[in-house]
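First comes the structure, then the notes that go with it.
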Amino acid sequence: MKNDSIALKYSPQDIEDKWYQHWLDQNYFHSEPDNREPYCVVIPPPNVTGVLHMGHMLNNTIQDVLVRRARMQGKNACWVPGTDHASIATEAKVVAKLKEEGIDKKDLSREEFLKHAWLWKEKHGGIILEQLKKLGASCDWKRTKFTMDEDLYESVIDVFIDLYNKGLIYRGVRMVNWDPSALTAVSDEEVIHKEIQSKLYYLNYPIVGEKNQFVTIATTRPETILGDTAVCCHPDDERFLHLKGKSVIIPLVNREVPIIFDEYVDREFGTGCLKITPAHDINDYHIGIKHKLPSIDIFNDNGTINEKVGLYVGKDRFDVRKEIVKDLEKSGNLAKIEDYTNKVGFSERTNAVIEPKLSLQWFLNMQDIAKPALDVVMNDTIQFHPAKFKNTYRHWMENVKDWCISRQLWWGQRIPAYYGANGEVVVAKNKEEAFEKLRITNYDLRFEDVRQDEDVLDTWFSSWLWPISVFDGIRNPNNNKDLAYYYPTNDLVTAPEILFFWVARMIIAGLEYEKKIPFKNVYLTGIVRDKIGRKMSKSLGNSPDPLDLIQTYGADGVRVGMLLTSPAGNDLPFDEVLCEQGRNFCNKIWNAMRLVNGWEISKTIEQPEYARVSVDWFHAKMNEQIAIIEDHFEKYRLSDALMTTYKLMWDSFCSWYLEMIKPVYLQPIDAITHQQTVEIFEKLLQLLHPFMPFITEEIWHIFGDKQEDIIISNMPKSQGFDKTIIDKFETAQHVITEVRTVRKEKNIPQKEPLTLFVKKNNEPSEILFDSVVQKICNLEKLDYVSEKLENAASFIVKSTEFFIPLNDKIDKDAEKTKLLTELKQAENLLRSTQAKLSNERFVSSAPEQVIALERKKQSDAQQKIEVITQQIKQLS
RNA sequence: GAGACGUUAGCUCAGUUGGUUUAGAGCGCUUGCUUGACAGGCAAGAGGUCAUCGGUUCGAUUCCGGUACGUCUCACCA
């Protein structure tokens with residue numbers, strides 16, 4: 001047999017690496033500009049030292065499906081891969097690793113630290129890209145980029161200088177979100193607010209000059225009383241009006257601070273009296289400015305108490321909270337403690353509690369440059385899939401705040417700002433240039449006294465240029481073949497979580513630097529969750545290792561599993577059974593191949609009638625379904641496109657078509673049918689290839705020697721179809737199902753041949769697919785009669801009666817029960833249509849078509865009732 | 001606190017420009033099958049007052065409004 005050398009079960013491990021290497025060897029993934037239509041996707045660059053997680057799997061599977069499909073549609077497909085330096089995350093990892101080795105970052109110079117960081121990057125960088133290859137990602141690896149590559153680095157610096165020269169970048173003291181663990185400011189978007197159970201402490205502040213009088217304030221952060229510079233009440237609050245002009249003593253600290261009045265205070269909350277700590281709360285900060293209050297910063301950068309107040313010096317903020325409550329209790333200033341739920345900001349990268357802190361940072365003014373970026377999304381120049389994210393996007397863009405772009409880190413693009421001896425600042429490409437600029441105002445300046453800003457730029461300040469900088473479009477905007485050809489890119493596939501971090505800012509940068517949108521479509525994936533709805537994360541340990549999954553189910557199986565239940569924008573409730581389903585599907589296809597491949601072919605026998613009509617039917621069916629698949633792709637409904645293809649393969653092709661044309665055991669198949677079947681099979685493989693690249697390439701080559709690989713073959717297009725064939729076959733399918741049911745109910749094995757009689761109607765009742773019905777149902781005879789048959793099992797399909805003579809095998813009671821059920825259904829239907837049709841207002845106002853349909857329903861029901869009633873009569 | 005979106009079978013989701021004979025799919029479930037490709041399979045089934053209450057209409061799962069629950073975004077009261 002031909003199948004002797006072919007495994008009984010599909011075994012992905014044997015073929016995946018082989019084909020991936022072959023594709024690489026053939027250079028299929030590499031793209032250079034030519035005269036074909038381009039199709040370009042830039043990867044959302046994963047963290048350079050990260051490892052593949054389920055989110056990446058989903059995201060990159062989707063990209064690969066789009067890219068492979070585009071490639072097969074004859075477009076010049078280019079998927080640009082790369083990684084992100086991820087400044088906070090990577091620096092944190094390097095710091096932690098050094099700490100393990102007993103090295104403190106503080107003891108290293110910037111250069112020494114960066115040397116360690118690069119070593120770390122060389123060691124771990126790109127692991128994730130290797131993992132993507134296992135998934136089958138068809139990235140153009142020759143174009144792999146890293147956000148800290150020299151050219152991309154320089155692009156970032158150029159952009160900073162340009163925006164500074166345009167007056168959009170400024171430096172200022174602001175209240176920023178301070179991450180005391182990473183020791184850097186972070187942007188608003190990097191702060192995650194979480195609800196936590198905490199306490200509300202009521203503290204008594206003695207009033208100066210009033211014995212035993214005090215005001216009570218409520219606070220969740222008693223340790224910050226060290227930095228209090230006022231107590232504030234609402235100006236209309238009668239309870240406190242008598243305190244105007246008075247001051248209070250801060251407990252323990254013994255500092256006298258004024259009582260001020262401001263409408264900001266919510267009279268209903270707490271005691272209606274608020275302590276003001278301008279250095280450590282954003283609202284207090286604003287009140288402080290308004291009332292010209294001093295600001296006392298009580299924290300060191302790492303969240304410990306500094307020496308300014310002389311209490312709790314060097315102790316951590318959370319330890320101090322516990323301690324100060326005890327001390328306040330001792331001193332008699334603690335009135336009470338209540339349970340309280342409030343929201344606290346956490347750092348996205350380090351999960352440390354964010355400390356609002358005043359500091360000198362660099363900002364990008366977002367007001368004006370954001371506007372055009374809002375427009376292109378609202379008017380669908382850039383389309384979001386699903387579109388519901390337009391709302392979210394608009395909301396953010398309309399309320400956009402200035403972007404804090406400096407980070408107190410070393411790993412990243414160092415801010416090209418330079419300071420002279422007196423602190424004067426210039427922005428320049430390098431120290432030499434800065435020196436020249438600074439000398440204009442200070443002739444005596446020595447070169448070695450020029451100092452570069454210590455901070456680096458926010459990671460997103462480099463990734464927002466990604467679709468441009470991967471083509472070197474910032475440094476070389478003109479006569480840039482790649483940029484002119486690939487930009488704007490086509491589709492961006494990413495998670496809604498980084499809509500603002502990244503997507504919005506790429507649009508802004510694209511419009512600012514290319515005057516063109518960076519991509520035409522944004523496909524937003526959902527979040528991969530576990531069975532009980534939790535987000536998959538390392539800390540929860542609920543995320544399977546993607547490579548283990550690939551090992552178990554095969555890359556194709558996992559890809560199918562990921563895609564089966566993930567419409568755009570919907571979370572993906574991941575369950576391994578999905579991968580199992582994907583694997584089973586692979587096996588199904590594999591076995592279909594074994595069947596077709598195993599047949600003996602005869603060139604002498606003619607193509608039987610049943611095979612001829614089966615081929616006609618499948619061609620129609622396939623073209624119908626391809627049109628649907630095309631439509632799904634156009635709407636970015638990848639799950640639906642996959643499911644349609646899945647059913648076409650499994651149901652239409654395997655369960656129906658192959659059974660229809662299958663030659664009887666040990667008989668050869670005629671050459672024409674075999675040829676046509678292989679051609680059909682190959683088209684199905686092509687349709688499946690974007691979803692399941694490996695198995696399709698393998699089977700493609702098992703079916704004879706091919707010069708061309710499936711990966712670069714032409715995707716079949718819908719070529720129109722005859723709907724009447726499809727409809728007629730559907731009727732035949734009903735007949736077949738009914739016969740099978742009769743067999744099952746009467747316990748008649750498939751091997752035992754039956755006879756089927758069709759009662760002739762007024763209408764032509766012959767069913768084009770008689771030969772197929774006869775074969776599939778194992779009928780020794782299929783005939784037309786004009787009279788009913790007795791002692792026969794019967795059923796009705798589309799008001800045509802069918803009879804299977806069974807002699808003694810009829811169970812009259814059972815038959816009757818069945819008929820009565822059907823009768824009831826028909827009567828219900830009749831009743832509902834009659835109710836409608838006898839309603840004059842329905843008849844007068846409903847459209848004609850609807851009425852005609854209702855009439856047809858009525859007559860069909862009547863006819864059916866008549867038929868059933870007669871059958872019942874005959875039984876009794 | 002403000003806004004957006006959602007609620008259809010046990011689960012995950014389609015769908016209805018308001019009428020398409022009895023609202024669909026996949027998985028799961030039930031019942032038969034050692035059916036000569038496949039038990040990772042085949043066949044036949046069961047499962048839904050389309051969240052809830054009102055309104056518009058001849059007719060509402062579909063349109064409008066209220067309620068409940070859920071998800072997300074933004075803001076935040078110490």
Side-chain angles (χ1 to χ4, degrees), chain A residues 3 6 8-10 188 193 200-201 217-221 224 232 264-266 268-271 273-277 281-284 340 342-343 386 388-396 398-399 496-497 499-500 527 531 533 553 557 564-567 569-573 575 577-578 580-581 583-599 637 639-640 643-644 646-647 654-655 658-659 662 665-666 737 740-741 743-745 747 749-751 798 825-826 828-830 832-833 836 839-847 849-851 853-854 856-858 860-861 864:
Chain A
N3 279 337
I6 295 177
L8 222 80
K9 283 185 175 173
Y10 173 59
D188 291 344
H193 293 275
L200 194 55
Y201 303 90
I217 57 93
T219 181
T220 53
R221 301 198 58 191
T224 62
C232 188
Y264 167 77
V265 178
D266 178 354
E268 308 299 318
F269 190 87
T271 61
C273 193
L274 171 69
K275 73 192 225 16
I276 303 293
T277 321
D281 183 280
I282 183 70
N283 300 299
D284 292 12
Y340 184 65
N342 68 335
K343 282 193 175 174
K388 65 175 178 180
F389 286 106
K390 279 166 77 176
N391 284 323
T392 318
Y393 182 81
R394 186 184 59 210
H395 196 264
W396 191 77
E398 282 174 349
N399 298 288
E497 295 165 295
L499 194 59
F500 310 129
I527 297 164
K531 270 188 247 181
Y553 301 104
L564 272 173
T565 58
S566 51
N570 273 41
D571 285 0
L572 190 154
D575 192 328
V577 300
L578 292 167
E580 209 177 304
Q581 191 183 350
R583 179 202 58 184
N584 294 353
F585 185 39
C586 290
N587 198 48
K588 183 73 191 178
I589 300 169
W590 187 253
N591 275 292
M593 176 276 291
R594 288 181 58 238
L595 176 68
V596 174
N597 197 52
W599 285 328
R637 292 152 71 144
S639 294
D640 292 332
M643 185 45 73
T644 307
Y646 176 95
K647 284 193 285 188
C654 294
S655 298
L658 287 180
E659 293 301 327
K662 201 188 234 178
Y665 183 56
L666 286 181
T737 299
R740 280 171 176 164
T741 308
R743 277 191 187 275
K744 191 186 174 186
E745 279 171 0
N747 241 324
Q750 174 72 14
K751 282 177 199 159
K798 291 200 171 176
Q825 283 176 349
N828 283 342
L829 183 63
L830 181 66
S832 86
T833 55
K836 275 187 188 177
N839 181 339
E840 264 177 51
R841 288 200 285 182
F842 169 74
V843 180
S844 58
S845 37
Q849 277 184 325
V850 174
I851 296 171
L853 196 74
E854 219 49 48
K856 173 122 180 29
K857 277 192 213 174
Q858 190 187 27
D860 283 357
K864 199 162 186 179

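Below, chain A is the first sequence line, B the second, and so on; all start at residue 1. All heavy atoms count here, side chains included; hydrogens, waters and symmetry mates do not.
Under the Watson-Crick or G-U wobble criterion, with both distances below 3.5 Å, B/rU67 is paired with B/rA51. B/rU35 makes up no base pair with any nucleotide shown, lacking Watson-Crick or G-U wobble contacts both under 3.5 Å. In this structure, B/rG10 forms a base pair with B/rC27, meeting either the Watson-Crick or the G-U wobble geometry with both donor-acceptor distances under 3.5 Å. Across all strands shown, B/rG1 is found opposite B/rC74 as a Watson-Crick or G-U wobble partner, with both distances under 3.5 Å. A 3.5 Å limit on both hydrogen-bonding distances identifies no Watson-Crick or G-U partner for B/rA46.
Applying the side chain to side chain donor-acceptor pair (under 3.5 Å) criterion to A/Lys662, with sequence neighbours excluded, gives A/Glu659.
Phosphate proximity of B/rG40 to A/Arg583: absent, as no side-chain N or O sits under 4.0 Å from OP1 or OP2. Residue A/Thr737 places at least one side-chain N or O closer than 4.0 Å to OP1 or OP2 of B/rA44. Contact annotation: A/Arg740 side-chain N/O to B/rU35 OP1/OP2 distance is not under 4.0 Å. Side-chain nitrogen and oxygen atoms of A/Lys9 include none within less than 4.0 Å of the OP1 or OP2 phosphate oxygen of B/rC38.
Across A/Leu564 and A/Leu578, no two heavy atoms sit closer than the pair CD1-O, 4.3 Å. Considering every non-hydrogen atom in both A/Tyr393 and A/Phe500, the closest pair reads CA-CE2, 4.0 Å. The two atoms that bring A/Tyr340 and A/Thr220 nearest to each other are CD2-CG2, 3.8 Å, heavy atoms only. Heavy-atom minimum distance, A/Ser639 versus A/Thr565: OG-C, 4.2 Å. Shortest non-hydrogen contact noted between A/Lys275 and A/Arg221 is CE-O, 4.1 Å.
Taken to the nearest 0.5 Å, the OG1 atom of A/Thr392 stands 7.0 Å off from the CG atom of A/Leu499. In this structure, OG1 on A/Thr219 lies 8.5 Å from CG on A/Leu274, to the nearest 0.5 angstrom. Here the CG atom belonging to A/Asn584 is positioned 9.5 Å from the OH atom belonging to A/Tyr553, to the nearest 0.5 angstrom. We find the CD1-CD distance between A/Ile851 and A/Glu854 to be 9.0 Å, quoted to the nearest 0.5 Å.
Using a 4.0 Å heavy-atom distance criterion, A/Phe500 is classed as a sugar-phosphate-only contact. Within 4.0 Å of A/Cys654, counting heavy atoms only, lies at least one base atom of the nucleic acid.
Under 3.5 Å, the side chain of A/Lys744 and the base of B/rG32 form no donor-acceptor pair of N or O atoms. Contact of A/Glu659 with B/rA43 (side chain to base): no donor-acceptor pair of N or O atoms is detected under 3.5 Å.
Rounded to a whole angstrom, the distance from the C1' atom of B/rA75 to that of B/rC11 is 36 Å. Taking the C1' atom of each, B/rA51 and B/rU7 are spaced 6 Å apart, rounded to whole Å. Taking atom P on both nucleotides, B/rG6 is separated from B/rC63 by 10 Å, rounded to a whole Å. Here the separation of B/rG47 from B/rC42, taken at their C1' atoms, is 22 Å to the nearest Å. If you take atom P in B/rC5 and the same atom in B/rG10, they sit 28 Å apart, rounded to whole Å. Rounded to whole Å, the separation between the P atoms of B/rU61 and B/rG55 comes to 14 Å. Spacing between B/rU49 and B/rU8 at atom P, rounded to whole Å, works out to 12 Å.
Atom NZ of A/Lys588 and atom C1' of B/rG41 are 6 Å apart (whole Å). Rounded to a whole Å, the CG atom of A/Asp575 is 11 Å from the P atom of B/rU12. Atom C1' of nucleotide B/rC42 and atom CG of A/Asn591 are separated by 13 Å, given to the nearest angstrom. Per the geometry, CD1 belonging to A/Ile589 stands 17 Å off P belonging to B/rG40, to the nearest Å. Rounded to an integer number of Å, the gap from A/Lys751 NZ to B/rC42 C1' is 15 Å. Spacing between atom CG of A/Leu572 and atom P of B/rU12 amounts to 12 Å, rounded to whole angstrom units. One atom, CD of A/Glu497, and another, C1' of B/rC72, lie 11 Å apart when rounded to the nearest Å. To the nearest angstrom, P of B/rC76 lies 9 Å from OH of A/Tyr264.
Taking the nucleotide of RNA chain B with the nearest heavy atom to each of A/Cys586 and A/Leu666, the more 5' of the two is matched to A/Leu666. Along RNA chain B, the nucleotide closest to A/Asn747 and the one closest to A/Arg841 are compared, and the more 5′ of them pairs with A/Asn747.
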> After noting the C-alpha distance and the side-chain angles of A/Met643 and A/Lys647, does the key distance pass the side chain to side chain contact (heavy atoms under 4.5 Å, CB included) rule?
Replying inline: CA-CA 6 Å; A/Met643 185 45 73; A/Lys647 284 193 285 188; 4.1 Å; yes

Using a cut-off of under 3.5 Å, enumerate the N/O to N/O pairs linking the protein to nucleotides 1-9 of chain B.
{"from": "B/rA4", "atom 1": "O3'", "to": "A/Asn391", "atom 2": "ND2", "distance (Å)": "3.4"}
{"from": "B/rA4", "atom 1": "O2'", "to": "A/Asn391", "atom 2": "ND2", "distance (Å)": "3.2"}

Report all interatomic pairs (protein N or O, nucleotide N or O of nucleotides 24-28 of chain B) with separations under 3.5 Å.
{"from": "B/rA25", "atom 1": "O2'", "to": "A/Lys647", "atom 2": "NZ", "distance (Å)": "3.0"}
{"from": "B/rG26", "atom 1": "O2'", "to": "A/Gln581", "atom 2": "NE2", "distance (Å)": "2.7"}

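Side-chain atoms of A/Asn597 and A/Arg594 form no donor-acceptor pair, as typed in the model, at a separation below 3.5 Å.
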